[in-house]
Student: 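Pasting in a structure now, in structure tokens, and then I'll have a few things to ask.
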Amino acid sequence: MKRTPRKILILLVLAALGAAAWQFGLFRAGDCLIQGGRWNNDTGVCRLDSLARPS
């Protein structure tokens, strides 16, 4: 049995983690938090408080 190169295993693990993050919407939640909003996990909606405040 041949040994699988370590780089391929690392890429497979990263791909699996990326797929899980995509499935659970973590990329959208992260974008929301970076923009200064609040992520509502129940509805999947980003609430940007900065747009509601007068400047």
Side-chain angles (χ1 to χ4, degrees):
M1 189 163 130
K2 285 178 105 178
R3 281 186 59 183
T4 306
R6 188 176 294 182
K7 289 181 183 179
I8 293 176
L9 289 176
I10 291 171
L11 286 175
L12 288 175
V13 168
L14 288 176
L17 289 174
W22 185 271
Q23 176 67 30
F24 292 110
L26 297 180
F27 292 119
R28 291 183 295 153
D31 287 341
C32 177
L33 294 174
I34 288 172
Q35 293 175 10
R38 293 183 189 159
W39 182 255
N40 187 345
N41 224 9
D42 296 331
T43 60
V45 175
C46 179
R47 179 177 163 191
L48 291 175
D49 293 332
S50 61
L51 295 176
R53 293 184 201 143
S55 300

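Counting from 1, the numbers follow the sequence of the chain as shown. Values below: all heavy atoms of this structure, side chains included; hydrogens, waters and symmetry mates excluded.
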Student: Looking only at heavy atoms, which two atoms of Gly37 and Cys46 are closest? And how far apart?
Tutor: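 That closest heavy-atom pairing would be CA-SG, 4.5 Å.
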Student: Starting from Leu9, walk the hydrophobic network (Ile, Leu, Val, Met, Phe, Trp, Tyr; side-chain heavy atoms closer than 4.5 Å) and list everyone else you reach, by chain and number.
Tutor: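 ILVMFWY cluster around Leu9 holds nothing else.
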Student: If you count every heavy atom of other residues, nucleotides or ligands that lies below 6.0 Å from Phe27 atom CZ, does the total exceed 12?
Tutor: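 For Phe27, atom CZ is crowded (more than 12 foreign heavy atoms under 6.0 Å).
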Student: Sequence neighbours left out, what passes side-chain hydrogen bond (donor to acceptor under 3.5 Å, both in side chains) with Asn40? Give chain and number order.
Tutor: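 Applying side-chain hydrogen bond (donor to acceptor under 3.5 Å, both in side chains) to Asn40 gives Thr43.
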